[in-house]
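It should be emphasised that the depicted structure is a prediction, and the values quoted were computed from it without experimental measurement.
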There are 2 protein chains.
Amino acid sequence: MSKPTDNCGFAAAIKMIEGKWKVDILCELGTASRRFGRLRQAIPEISEKMLAQQLRELEADGLVDRKVYPELPAKVVYSLTERGMALNTAADALCRWAEQFSPVAEASTQVYAAPAPS
Amino acid sequence: MSKPTDNCGFAAAIKMIEGKWKVDILCELGTASRRFGRLRQAIPEISEKMLAQQLRELEADGLVDRKVYPELPAKVVYSLTERGMALNTAADALCRWAEQFSPVAEASTQVYAAPAPS
DNA sequence: CCGCATCCTCTTCGATACTG
DNA sequence: CAGTATCGAAGAGGATGCGG
């Protein structure tokens, strides 16, 4: 492939967090490590299926760590990896960007009667 | 709603650029202003429908400016707004993050101790 | 040249039920 | 408690044709 995004790692970063619930999960884990059930409570709208799926993707991308305690009943704890925490830091720039321009809605459907350029 | 992401503008930022081709378009417009047809050439895999649709969404979010020249044949030029350019700046942090931990192919299945990739 | 409308396909997601 | 499996609905996305 030779898409323009191949040059900048931005696309790769977005790919990792564009999932429907990824940001919520990362935000929650950014607060503290959580068990599976605790995450469900924190994000009530998500289904078990999606939570498990998104967590596995985040784990595959090296953003989330998964620790299994072979107790009974089962216990699994999720936490951010170093990389995941670094993402939260990097995301801060985007946070400030979003807040900076928050309520702008200027219509720019302007029509120009310009000379033919090329 | 009361999701954890409501507090940080990060989710809002992601929403604006999580479209399948948004990053490509923004990257391309980050280089220079482009006409519709020129964008299609730059991103060959995208269909006309998606390009038009994504551009309208980006315009609605105030990231892209659309200038119509009522010539014949029609001519429309797209460019980044101030906000769009600011996004590219903010995205830089994410770029560096992605590159920092980039494709570290730490194959756990790889057992040999031989060096020398040709 | 730009881009909208229609049709059709493929993926995604939610709901439910079941296992260790 | 922490998942997996299956099904059906909903939406995203591609192809094509028409209109300004």
field: A:D65 bridged to A:K67 by N-O distance under 4.0 Å
entry: yes

- prompt: Expressed in angstrom and rounded to an integer, what is the separation of A:Q54 atom CD from C:dT11 atom P?
  reply: 17 Å

query: So if you build clusters from Ile, Leu, Val, Met, Phe, Trp, Tyr with side-chain heavy-atom gaps below 4.5 Å, do A:L72 and A:F36 land together?
result: no

- request: Please determine, by modelled atom types, if B:Y78 and B:R66 share a side-chain donor-acceptor pair under 3.5 angstrom.
  value: yes

message: Which nucleotide wins on minimum distance to the side chain of A:K49, given the candidates D:dG13, D:dG3, D:dT6?
response: D:dT6

- prompt: Choosing from D:dG14, D:dA2, D:dT6, which nucleotide comes nearest the side chain of A:A74?
  reply: D:dA2

message: Taking any heavy-atom pair under 4.0 Å as a contact, classify A:R38: base, sugar-phosphate, or nothing.
response: nothing

- prompt: For A:E48 and B:Q53, take the nucleotide of DNA chain D holding the closest heavy atom to each; which residue's nucleotide lies nearer the 5' end?
  reply: A:E48

message: What is the separation between atom CG on B:L39 and atom C1' on C:dC1, rounded to the nearest whole Å?
response: 13 Å

message: Side-chain N or O of A:Y78 versus OP1/OP2 of D:dC1: is the shortest distance under 4.0 Å?
response: no

query: Should A:R66 be listed as having a side-chain N or O under 4.0 Å from OP1 or OP2 of D:dG3?
result: yes

message: Which is more 5' along DNA chain C, the nucleotide nearest A:G19 or the one nearest B:V76? Just name the residue.
response: B:V76

- prompt: Of all the nucleotides listed (C:dT6, C:dC1, C:dC2), which has the minimum atom distance to the side chain of B:F36?
  reply: C:dC2

message: Taking only side-chain N and O atoms of A:K20, does any of them lie within less than 4.0 angstrom of OP1 or OP2 on C:dG14?
response: yes

message: Would you say A:R35 places a side-chain N or O within less than 4.0 Å of OP1 or OP2 belonging to D:dC1?
response: no

message: As an exercise, state the distance from CD1 of B:I17 to CG of B:D61, rounded to the nearest 0.5 Å.
response: 10.0 Å

